[in-house]
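All of these numbers come straight from a predicted model, not from anything done at the bench.
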2 protein chains.
Amino acid sequence: MKTAHPATPRQDLSAQIAEAIRDAIVEGRMITGERLPSEAELSEQFGVSRSTVREALKRLAAQSLIRTQRGAFGGAFVNRLSFEAAYSQHITTSTLLLSMNAVSFETACEARYTLERACAPLAAHRRTTGSLATMRTEIARQSQPDLSDEAFCASDVTLHRALVDAAQNPVLSYQLAGAVEAMQPLMNMITFTARSRGEIVALHTALTDALEHQDAQAADTALHRLEAYTLTLGRDVMASRARNATKRTPPSSSG
Amino acid sequence: MKTAHPATPRQDLSAQIAEAIRDAIVEGRMITGERLPSEAELSEQFGVSRSTVREALKRLAAQSLIRTQRGAFGGAFVNRLSFEAAYSQHITTSTLLLSMNAVSFETACEARYTLERACAPLAAHRRTTGSLATMRTEIARQSQPDLSDEAFCASDVTLHRALVDAAQNPVLSYQLAGAVEAMQPLMNMITFTARSRGEIVALHTALTDALEHQDAQAADTALHRLEAYTLTLGRDVMASRARNATKRTPPSSSG
DNA sequence: GCCCTTATGAATGTCAGACAATTAAAGGTC
DNA sequence: GACCTTTAATTGTCTGACATTCATAAGGGC
């Protein structure tokens, strides 16, 4: 009996329905702002219960594909995927991807700085006084000796985001957001000494100066140095962590 | 009773619960492979019905944060976010972002080629015979005159993905996937003439040759030319589309 | 003792029906 | 016309039930 349609019974009904609606949205058969049929209508159309339809809709809502509104003339509407929502999704996914897949500090660092250097020429050309001001503000913050390591990292992210945004290309900003923000948890594992902070602040200043003078080459150099320096800091931390882990390993075989 | 915490009633219960569990995962309080409490237990813990818990779990499943398994010793497990799953999510989001936000062809094109040029030095240094072979294969495919425009674009994407993958940095590949793949729908709107195809194939060949010779500078140049050429093709199409749209506009005021 | 079959129980998947909460629009009052 | 009330449609939540799946335990045949 089941041989009649064994093609895709391995998926939940709610997943199948969500996929059907998602396809309709992605392929443009439903446009932004359009209202989906009510849950009752959908359950009739798909021949399932309302609960199943609701689970499907929640799946779509989790991807910001639809938004729901209660009350008369409420319902589920195809969402205009804002850059903001896309940013936060991308950042969450990138962060998890790095934390769950044992991506080395080197790999993540290389990806981040490679992408940032790509932005540098555009940023040098198009930077505004606003983006420069943001970067200077963060540099000032990073110079405060009583700043916690976490706050230092957060400020670092803000500065680099300002660099990326200075390129004035929202698509680029979106793509870079993941690479820059996802590094923060890795950076948070590093204890920044006064000396290392000074070095970083100096490089941040060189970078900002380069943008101010619209000197793409100097910005590229500053980013190269920053990458190399970050890498040495990260390597030191990872190495000492590895040593500690080895120490804690039981000397005899387990059990 | 409920007056005790009216702070955040603007969100659904299922959204709140999903957020609570998501935070636990992102912050590492739950690790990959760990089993969540059963739906019955969760509904008791959060003081809500099982349906509400299920909607929350579906939201998390939609983001590939958890996977569920039926049967004895089944349940919801914290998912290891694979690069593969992250790729497809990122691509879907990027594609929608572009189609829904009236991003100009210029902006998308600039972002894509800026990012690809960032990969070029690494790709030139690390390219394998495998990545070169993939690129040559796609070039051969693109040279077939009877290839449809859609297939030509798909082949273009494959070739550029090979370029990105040649950098041998999975994080970079992941971040770039969105930029490269999301361009395809925009590219699909272009009708490629025999002449334009020839030009693109020539530039693809130059790019591949550059990688083979590990000549980062030549690869950069080829990508710059490719960007410029793609841009002119895109501009032509957009301009003619704009003209047609104007023609179709009713000559008098509507109504 | 060993293997195959069968129960068992725990868990998710689905359904049906009910009620609460919300909200825009229609209708009524002044 | 401005303001208030009613109304109907829709989502949000709860309850209880049954179906389905699946690892393990129990049982029977040899």
Side-chain angles (χ1 to χ4, degrees), chain A residues 1-21 25 30 33-79, chain B residues 1-21 25 30 33-79:
Chain A
M1 292 297 178
K2 272 195 174 177
T3 52
H5 49 86
T8 51
R10 63 193 183 287
Q11 248 190 143
D12 293 346
L13 280 177
S14 67
Q16 291 177 39
I17 292 169
E19 196 174 348
I21 300 176
I25 296 175
M30 303 204 66
E34 192 172 341
R35 182 178 173 281
L36 274 72
S38 71
E39 295 175 354
E41 286 173 294
L42 286 172
S43 65
E44 203 174 339
Q45 283 180 26
F46 286 102
V48 299
S49 73
R50 208 187 132 207
S51 344
T52 304
V53 167
R54 279 183 62 78
E55 288 177 8
L57 294 181
K58 294 309 165 199
R59 294 179 115 107
L60 299 175
Q63 296 181 300
S64 308
L65 288 177
I66 62 172
R67 107 194 81 93
T68 56
Q69 217 169 359
R70 289 170 72 164
F73 281 67
F77 298 84
V78 178
N79 216 351
Chain B
M1 293 294 182
K2 274 195 174 178
T3 53
H5 47 85
T8 49
R10 63 189 187 288
Q11 249 191 143
D12 293 346
L13 281 177
S14 67
Q16 291 176 39
I17 292 168
E19 195 174 350
I21 299 176
I25 296 174
M30 302 204 67
E34 192 172 341
R35 183 178 171 282
L36 274 71
S38 71
E39 295 175 354
E41 286 173 294
L42 285 172
S43 65
E44 203 173 340
Q45 283 180 27
F46 286 102
V48 299
S49 73
R50 207 188 130 204
S51 350
T52 304
V53 166
R54 279 184 62 78
E55 289 178 8
L57 294 181
K58 295 309 165 198
R59 295 178 114 107
L60 299 175
Q63 296 181 302
S64 309
L65 288 177
I66 63 170
R67 108 194 80 92
T68 56
Q69 216 168 3
R70 289 171 72 162
F73 282 68
F77 298 85
V78 178
N79 217 352

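When the side chain to side chain contact (heavy atoms under 4.5 Å, CB included) test is applied to B:R35, the partners found at least two apart in sequence or on another chain are B:S38, B:F77.
The distance from the OG atom of A:S43 to the CD1 atom of A:I17 is 9.0 Å, given to the nearest 0.5 Å. Atom CG of residue B:L13 and atom OG of residue B:S49 lie 8.5 Å apart, to the nearest 0.5 angstrom. Here the straight-line distance linking atom OG1 of A:T52 with atom CG of A:L57 works out to 11.0 Å at 0.5 Å rounding.
Pairs engaging residues 47-58 of chain A under the salt bridge (charged side-chain N to carboxylate O under 4.0 Å, His left out) rule: A:E39-A:R50, A:E39-A:R54, A:R54-B:E55, A:E55-B:R54, A:K58-B:D12 [sequence neighbours left out].
In the helix from C:dG1-D:dC30 to C:dC30-D:dG1, the end axes, each obtained as the rotation axis mapping the C1' atoms of four pairs onto the next four within a five-pair block, lie 20° apart to the nearest 10 degrees.
Proximity of B:L36 to B:V78: side-chain heavy atoms (C-beta onward) are separated by under 4.5 Å at one or more points.
Around CD of B:Q45, the count of heavy atoms belonging to other residues, nucleotides or ligands within 6.0 Å exceeds 12.
In this structure, the CG atom of B:D12 is 8 Å from the C1' atom of D:dT11, given to the nearest Å. In this structure, A:Q16 places its CD atom 12 Å from C1' of C:dG13, rounding to the nearest Å.
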Only distances under 3.5 Å count here; give the side-chain donor-acceptor pairs of residues 59-67 of chain B to other protein atoms, sequence neighbours excluded, each with its distance to 0.1 Å.
unit_1, atom_1, unit_2, atom_2, d
B:R59, NH1, B:S14, OG, 2.7
B:Q63, OE1, B:R22, NH1, 2.4
B:S64, OG, B:Q89, OE1, 3.1
B:R67, NE, B:N79, OD1, 3.4

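Scanning residues 35-59 of chain B for heavy-atom distances under 4.0 Å to DNA chain C yields B:R35, B:S38, B:E39, B:R50, B:R54, B:K58.
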Short heteroatom pairs, N/O only, protein and nucleotides 23-26 of chain C, under 3.5 Å:
unit_1, atom_1, unit_2, atom_2, d
C:dT23, O2, A:A72, N, 2.8

